[in-house]
Participant: 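Here it is, the structure, as structure tokens.
Residue numbers count from 1 along this sequence. Whatever order the structure lists them in is the order used to number ligands and atoms, beginning at 1. The shown structure was predicted, so the numbers you read here are calculated from the model rather than taken from an experiment.
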Amino acid sequence: MHGILTGCFNLSLLFHLHLFLCVHRERPEPLDLHLGMFLPTLLNQSTPEQMDRFFMPAWNFEVVGTYAQTEMGHGTHLRGLETTATYDPSTQEFVMNSPTVSSIKWWPGGLGKTSNHAIVLAQLHTRGNCHGLHAFIVPLRDMNTHQPLPGIVVGDIGPKFGFHEVDNGFLKLENVRIPRENMLMKYSKVEPDGTYLKPPSDKLTYGTMVFIRAYIVSESARALSKACTIAIRYSVVRHQSEIRPGKPEPQILEYQTQQYKLFPLLATAYAFTFVGQYMKNTYQRISGDISQGDFSELPELHALTAGLKAFTTWEANSAIEVCRMSCGGHGYSRSSALPDIYVNFTPACTYEGENTVMMLQTARYLVKSYRQAKDGQRLSGTVSYLNDIGTRRVQPQPVSARPVVVDINDLSSLVEIYKLRASILVELAAKSIQQELQRRKCQEEAWNNSSIDLVRASDAHCHYVVVKLFTDKLAEVGDTAIHSVLSTLALLYALHGITRNSGDFLQVRSSFLTASRIKELLSQLRPNAVALVDAFDISDKTLRSVLGRYDGNVYENMFEWARSSPLNATEVHESYYKYLKPLRSKL
Ligand SMILES: Cc1cc2nc3c(=O)[nH]c(=O)nc-3n(C[C@H](O)[C@H](O)[C@H](O)COP(=O)(O)OP(=O)(O)OC[C@H]3O[C@@H](n4cnc5c(N)ncnc54)[C@H](O)[C@@H]3O)c2cc1C
Ligand SMILES: *[C@@H]1O[C@H](CO)[C@@H](O)[C@H](O)[C@H]1NC(C)=O
Ligand SMILES: *[C@@H]1O[C@H](CO)[C@@H](O)[C@H](O)[C@H]1NC(C)=O
Ligand SMILES: *[C@@H]1O[C@H](CO)[C@@H](O)[C@H](O)[C@H]1NC(C)=O
Ligand SMILES: CC(=O)N[C@H]1CO[C@H](CO)[C@@H](O)[C@@H]1O
């Protein structure tokens, strides 16, 4: 295996490492960063000599590492990072420093207590010039005693919203010297005399980011599938209130409002699962092209993964909370597992590319494509709908004077109006920039003052892509029964998106029809709802939810769970003797 690894950078191994994480990681752990970032980064950016020195020891957990990029003062804006690595040719070492309080590394998982090494991102200075961010392997702790090494100030950043199991850490570097050979030098290099050699191509920088964001799309699907499984299973166990007076209490899933809360989310979980599969397949296909030196599809994939990362994590994040509240009071108990799913998932909106910033990246690509289409270039891929803009003369304001004929039972017709909405919003955003420029604003100010429109445009574009991929997926399904239920889900997904964004879809004259069609779809899905969540095939062991148990035996197990709570270990808690009893004896 070692030989294969040192040969050349192996994308598929990186992929499998991440898949391993995806399958085995149900809760965040201190070693996630070691497996998910430290090893893959070594794999990609190490020289063969560094592979020998670090990769196998890391593979065997002698070297335990993390990825330290974010600082207290900067996360998103990488050029703002302040940590320095200054080359000293007299000793052939880099001198690493955290020159300010805001430059202290902050957040890396496993940094506080677990790791003995870190890949540290720092501004490289050599021969009086700064060459920007580069990655350095910095030993943090003694390999025998685990004590911090001289000049290393390291610790845990304290309690958080969640991720309690992970020691997200801080790191302050005080004149820490590391050998020249500890800079990751597969691409750019510093020679012994301090000469800097640039990397041959910066196109490669997309690769890892694209990969990780594609993987987060699958995580969105996964987290939402879990939340839906719990909420829908519990909704058939729970009986509450009455629909008709005097009749037995119905399952709460019989309430139309409960179905309306949950079934669109179930449809979303399926949609995201298919989007995740598509991203994975596309990535694998394109990574083949990349290794052949063909980067033509990379910009589009880069733009798409950024947007879909943001779109799916935002949707899943709010959906998980809806699932929790749909379980009433018991949803607030940790026994439901929903609070943990939420707190563990929600940082995905922030890390690996803050969501708004991701949406704006996608918008940049959309606006660029829009301008190309205006100039008469033929676009391909997911933005090809912008080709029609010149010919169709889409109005900037969706006016109902131009009704679009939509068959609300026909998915391909719905895909068309999602396209239309996206093209209208992309055009609006592009025109907003144009107007700002006409008011003698510079590009950057024009961009800033159009960014609300830009995010909306990206959101509409991503929404279109999801509806399209869901629809395309149906063509692959042979079994008629499965095809039928998946079509119902896809239709619900598309129609629900229209009612939620009805302002954008004003030209669809059929919004009343949409609402009543949604009600029909809810009833149609009801008999299959439990089977549809069972089909996610998430075991009880993985789900860890009393409410979402496969056997539905909720109440007895909830009592068991509460009884085993630490506070019940004694019949009379020590606090009684310590506080309550003295207080009462005074009475
Ligand atoms: C649980 C968790 C684990 C983490 N693990 C690691 C790790 O292992 N290693 C590591 O290095 N880091 C880690 N991080 C840090 C994480 O990567 C950063 O927090 C993330 O990149 C966001 O950057 P930021 O904190 O600077 O947010 P900011 O960029 O400060 O975001 C704050 C607000 O500013 C807005 N904003 C910023 N820039 C723009 C812009 N250009 N246009 C419009 N709006 C903008 C954002 O939209 C947001 O609303 C972790 C964070 C968390 C929460
Ligand atoms: C590999 O390393 C290069 C050099 O730093 C980096 O820019 C790129 O993102 C990485 N590529 C992949 C596919 O991981
Ligand atoms: C960015 O836009 C906001 C809102 O219009 C405005 O308050 C801010 O001054 C703008 N910033 C710059 C640098 O133009
Ligand atoms: C931002 O744009 C709006 C119109 O879209 C304009 O009224 C406003 O003056 C602009 N603000 C700035 C700070 O340029
Ligand atoms: C009343 C009751 O069920 N008490 C239980 C509290 O929890 C401990 C174990 O943690 C049990 O042994 C008690 O029976």
Participant: Using 30° and 60° as the class boundaries, would you call the ring planes of His34 and Phe38 parallel, tilted or perpendicular?
Facilitator: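 Aromatic pair His34/Phe38 classed parallel.
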Participant: Are Thr362 and Ser458 linked by a side-chain donor-acceptor pair shorter than 3.5 Å?
Facilitator: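 Looking only at side-chain atoms, Ser458 and Thr362 do not form any donor-acceptor pair under 3.5 Å.
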Participant: Check salt bridge (Lys or Arg N to Asp or Glu O under 4.0 Å) between Arg334 and all other residues, then give those that pass, not counting sequence neighbours.
Facilitator: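 For Arg334 the salt bridge (Lys or Arg N to Asp or Glu O under 4.0 Å) partners, ignoring immediate neighbours, are Asp340.
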Participant: Could you walk me through whether Asn97 and Asn175 pass the side-chain hydrogen bond (donor to acceptor under 3.5 Å, both in side chains) test, one step at a time?
Facilitator: CA-CA 5 Å; Asn97 268 301; Asn175 286 315; 2.9 Å; yes
Participant: Regarding Tyr370 and Glu427, do their side chains bring together a donor and an acceptor under 3.5 Å, going by distance alone?
Facilitator: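 Checked: Tyr370/Glu427 side chains pair up, N/O donor to acceptor below 3.5 Å.
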Participant: Between Glu300 and Thr382, do the side chains contain a donor N or O and an acceptor N or O under 3.5 Å apart?
Facilitator: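 Looking only at side-chain atoms, Glu300 and Thr382 do form a donor-acceptor pair, the distance falling under 3.5 Å.
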Participant: With a 4.0 Å heavy-atom cut-off, what residues sit around ligand 3?
Facilitator: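 Ligand 3 pocket, heavy atoms under 4.0 Å: Glu445, Asn448, Asn449.
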Participant: Does the ring center of Tyr196 lie less than 6.0 Å from the ring center of Tyr87?
Facilitator: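 Aromatic pair excluded; centres sit 6.0 Å or further apart.
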Participant: Who pairs with Arg141 by salt bridge (Lys or Arg N to Asp or Glu O under 4.0 Å), at least two apart in sequence or on another chain?
Facilitator: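 Partners of Arg141 by the salt bridge (Lys or Arg N to Asp or Glu O under 4.0 Å) criterion come out as none, since no residue qualifies.
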Participant: Write out each pair where an N or O from ligand 1 and one from the protein are under 3.5 Å apart, with the distance.
Facilitator:
{"unit_1": "ligand 1", "atom_1": "8 (O)", "unit_2": "Gly109", "atom_2": "N", "d": "3.1"}
{"unit_1": "ligand 1", "atom_1": "9 (N)", "unit_2": "Tyr67", "atom_2": "O", "d": "3.0"}
{"unit_1": "ligand 1", "atom_1": "11 (O)", "unit_2": "Gln69", "atom_2": "N", "d": "3.0"}
{"unit_1": "ligand 1", "atom_1": "11 (O)", "unit_2": "Thr70", "atom_2": "N", "d": "2.7"}
{"unit_1": "ligand 1", "atom_1": "11 (O)", "unit_2": "Thr70", "atom_2": "OG1", "d": "3.1"}
{"unit_1": "ligand 1", "atom_1": "12 (N)", "unit_2": "Thr70", "atom_2": "OG1", "d": "2.7"}
{"unit_1": "ligand 1", "atom_1": "17 (O)", "unit_2": "Thr70", "atom_2": "OG1", "d": "3.4"}
{"unit_1": "ligand 1", "atom_1": "23 (O)", "unit_2": "Thr76", "atom_2": "N", "d": "3.4"}
{"unit_1": "ligand 1", "atom_1": "23 (O)", "unit_2": "Thr76", "atom_2": "OG1", "d": "3.4"}
{"unit_1": "ligand 1", "atom_1": "26 (O)", "unit_2": "Gly75", "atom_2": "N", "d": "2.9"}
{"unit_1": "ligand 1", "atom_1": "26 (O)", "unit_2": "Thr76", "atom_2": "N", "d": "3.2"}
{"unit_1": "ligand 1", "atom_1": "29 (O)", "unit_2": "Thr76", "atom_2": "OG1", "d": "2.4"}
{"unit_1": "ligand 1", "atom_1": "47 (O)", "unit_2": "Glu354", "atom_2": "OE1", "d": "2.6"}
{"unit_1": "ligand 1", "atom_1": "47 (O)", "unit_2": "Glu354", "atom_2": "OE2", "d": "3.4"}

Participant: Using ring pair (Phe, Tyr, Trp, His ring centres under 6.0 Å) as the criterion, point out the one residue from Tyr385, Phe311, Tyr418, Tyr365 that pairs with His461.
Facilitator: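 The single option meeting the ring pair (Phe, Tyr, Trp, His ring centres under 6.0 Å) with His461 is Tyr385.
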